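First the structure, in the form of structure tokens, and then the observations on it.
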Amino acid sequence: MLIRIRSRDGLERVTIDNAHITVSHLKTLIQSQLQIPVQNQTLSTNQNLLLAKTPSDLQKFTDMSNPNTPLSSLNISHGSILFLSYEGERSIKGPAVQPSGSFGRKMTMDDLIAKQKRVSRQETPHCDSVSFDRDCADAFQHYVNETLAFAVKRGGFMYGTVSEDKKVEVDFIYEPPQQGTEDVLFVLRDTEEEKMVDAIAAGLGMKKVGFIFTQTIMQNKKDYTLSNREVLQAVEYHAESGMEEWVTAVVKLEVGEDGSAAIHFEAFQMSDMCVRLFKEGWFESEIKEGDDPKLSKMKKDVVVGVKDIKEVDNDFFLVVVKILDHQGPLSSTFPIENRITQVTMRALKNHLDRAQSLPLVKRISDFHLLLFLARFLDLNSDIPALTQCVQTQIPVPEGYKLLINSLADTA
């Protein structure tokens, strides 16, 4: 069995014999496989452990404090994610690198040019524009502004369509489990939930088309468009997508000299060279406290202009994309997943009651409501049936009406 361990170092894997071992046994395996001493470990199934700052904060996470507790009693199974806080430092073993070529080998000029990575500005994006559904964009920025006050970072994956003439339309934003600080956005991806999101999107004729995140008020005082951390995160998702048209969007609060504030959306693509460098492992992923946030560090020299350098201005990796807006086919009035307030059956009942005069298909034409329902329905039969109703705006079959209403009546 594999258990995924999320710590300040990222996501790692530990192999265990079975789900019936104890917490104590698991800690011993973490010590042997990840080189973290047992006495330095604090484990929890609660992702908020990663935000603990003091020993007293750590003591609040008691679900795995008993060394004799079996993992099976905590519903931990193959593929589960646990959260780990530890004291001290450790060195993480990197991949073995085989040197290319051998001493004394003759190299032609073509060989030398092929080995160079020349970084220059890419003027033209692979998509013509990105258009945001007004309601979904407003729901995202309103939460960040009114509830989070742009004090911590927030992010989400954008879903929609890409036309034949390379126009990207964003019709909903899925906000995965996450923890944001002033400078860092930790996206705690939930594989099972993302399967539901992708199934809903496919049923609506949509797909994942980009990543959106916010910058904080404190970042507004910094002299960069994207920080080195943001470049790394954005290019990781761009590379993962395999899409030329993938878009990265940034939402920021800009305060004028007169004290007035305005919310701005900006959109970019990560340049082809940026994606290539990331895929080939050229980026330094460890960012230290004194590093300049407007520069991305490389493991080897790249050529910028006529200079060989290891620090590249982040702006070289950004290709500006034109922003438009539109009114899409979905509403965004149902409470949104993975926010501070948990979504309950009461929210479903209130949502359905609020617009009783509308046909049911209109009332469920909301991605966030469909995601909530997906937790109680079959992903392979029920969700395709409901999304087909939403996409074509045909009446919801009587059986599904009864099912949805009965779920709401349990509130």
Side-chain angles (χ1 to χ4, degrees), residues 4-12 44-53 57 60-61 79-85 136-159 170 172-198 200-201 208-219 226-241 246-253 263 265 285 287 332 334-343 367-368 371-372 374-375:
R4 294 177 288 172
I5 306 292
R6 170 78 71 175
S7 72
R8 68 194 189 207
D9 301 320
L11 191 65
E12 298 173 87
S44 177
T45 57
N46 188 336
Q47 64 195 27
N48 290 324
L49 175 70
L50 298 182
L51 299 181
K53 304 260 188 230
D57 288 341
K60 296 174 184 176
F61 299 88
S80 293
I81 296 182
L82 298 180
F83 301 90
L84 166 66
S85 177
C136 86
D138 187 62
F140 183 76
Q141 65 88 11
H142 187 269
Y143 176 70
V144 172
N145 186 27
E146 298 296 326
T147 303
L148 303 182
F150 279 94
V152 295
K153 295 174 74 67
R154 185 78 184 167
F157 291 108
M158 305 187 293
Y159 283 76
V170 177
F172 71 81
I173 298 170
Y174 159 62
E175 298 179 23
Q178 59 193 275
Q179 295 291 344
T181 69
E182 202 167 76
D183 298 305
V184 186
L185 175 63
F186 297 100
V187 180
L188 310 170
R189 298 178 71 172
D190 182 330
T191 305
E192 292 306 310
E193 187 170 83
E194 286 193 34
K195 283 181 184 174
M196 290 188 263
V197 175
D198 290 339
I200 293 166
K208 194 186 298 182
V209 295
F211 175 59
I212 185 170
F213 66 91
T214 63
Q215 291 183 336
T216 57
I217 290 179
M218 293 306 295
Q219 286 183 282
L226 262 63
S227 72
N228 44 19
R229 292 182 190 277
E230 291 166 345
V231 167
L232 269 175
Q233 192 166 40
V235 72
E236 177 185 355
Y237 296 142
H238 191 143
E240 177 188 299
S241 76
W246 182 269
V247 176
T248 297
V250 187
V251 184
K252 57 178 72 175
L253 185 71
I263 296 172
F265 281 66
S285 57
I287 297 171
S332 292
F334 190 76
I336 292 173
E337 62 285 343
N338 300 315
R339 289 185 172 180
I340 293 172
T341 304
Q342 188 175 4
V343 184
F367 159 74
H368 307 287
L371 179 58
F372 180 75
R375 304 182 194 283

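Remember, it's a predicted structure, so these values are computed and weren't measured experimentally. Values below: every heavy atom of this structure, side chains too, minus hydrogens, waters and symmetry copies.
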Side chain proximity check, [X] to [Y], heavy atoms < 4.5 angstrom:
| X | Y | answer |
| --- | --- | --- |
| S227 | Q215 | no |
| V247 | V209 | no |
| L371 | M196 | yes |
| L188 | I81 | no |
| E12 | R6 | no |
| Y159 | V197 | yes |
| S241 | K208 | no |
| V251 | F140 | yes |

message: Y143: which residues meet the ring-ring contact (aromatic ring centres under 6.0 Å, His included) condition with it, sequence neighbours left out?
response: none
Pairs of donor and acceptor atoms involving the side chains of residues 144-155, under 3.5 Å and at least two apart or interchain, shall be tabulated with distances.
{"from": "K153", "atom 1": "NZ", "to": "T214", "atom 2": "O", "distance (Å)": "3.0"}
{"from": "K153", "atom 1": "NZ", "to": "Q219", "atom 2": "OE1", "distance (Å)": "3.2"}
{"from": "K153", "atom 1": "NZ", "to": "E230", "atom 2": "OE2", "distance (Å)": "2.6"}
{"from": "R154", "atom 1": "NE", "to": "E175", "atom 2": "OE1", "distance (Å)": "3.0"}
{"from": "R154", "atom 1": "NH2", "to": "E175", "atom 2": "OE1", "distance (Å)": "2.8"}
{"from": "R154", "atom 1": "NH2", "to": "N338", "atom 2": "O", "distance (Å)": "3.0"}

query: For F211 and F213, what are the C-alpha separation, side-chain angles and deciding distance, and is it a ring-ring contact (aromatic ring centres under 6.0 Å, His included)?
result: CA-CA 7 Å; F211 175 59; F213 66 91; 5.6 Å; yes
Once rounded to the nearest 0.5 Å, what's the spacing between atom [atom1] of [X] and atom [atom2] of [Y]?
| X | Y | atom1 | atom2 | answer |
| --- | --- | --- | --- | --- |
| Q141 | I173 | CD | CD1 | 10.0 Å |
| S332 | D138 | OG | CG | 9.0 Å |
| Q342 | E337 | CD | CD | 12.5 Å |
| I5 | S80 | CD1 | OG | 10.0 Å |
| I217 | L253 | CD1 | CG | 5.5 Å |
| M218 | D183 | CE | CG | 8.5 Å |

message: Classify the ring geometry of F367 against Y174: parallel below 30°, tilted from 30° to 60°, perpendicular beyond 60°.
response: perpendicular
message: L82 vs R4, test: side-chain contact (heavy atoms from CB on, under 4.5 Å). Steps then yes/no.
response: CA-CA 6 Å; L82 298 180; R4 294 177 288 172; over 6 Å; no
query: Charged N to carboxylate O below 4.0 Å: is that the case for E182 and R229?
result: no
- prompt: Do F83 and F61 have ring centres separated by under 6.0 Å?
  reply: no
If you take all heavy atoms of [X] and [Y], which pair is closest and at what distance?
| X | Y | result |
| --- | --- | --- |
| V187 | Q233 | CG2-NE2, 3.7 Å |
| F265 | A137 | CZ-O, 3.8 Å |
| H368 | P335 | CB-O, 3.7 Å |
| A52 | D57 | CB-CB, 3.7 Å |

field: Audit row: L50, L84, side-chain contact (heavy atoms from CB on, under 4.5 Å) steps and yes/no
entry: CA-CA 7 Å; L50 298 182; L84 166 66; over 6 Å; no
Residues E193, R375; criterion side-chain contact (heavy atoms from CB on, under 4.5 Å); working and verdict: CA-CA 9 Å; E193 187 170 83; R375 304 182 194 283; 2.7 Å; yes
- request: Can you sort out the partners of K195 under side-chain hydrogen bond (donor to acceptor under 3.5 Å, both in side chains), two or more places apart, ordered by chain and number?
  value: E192
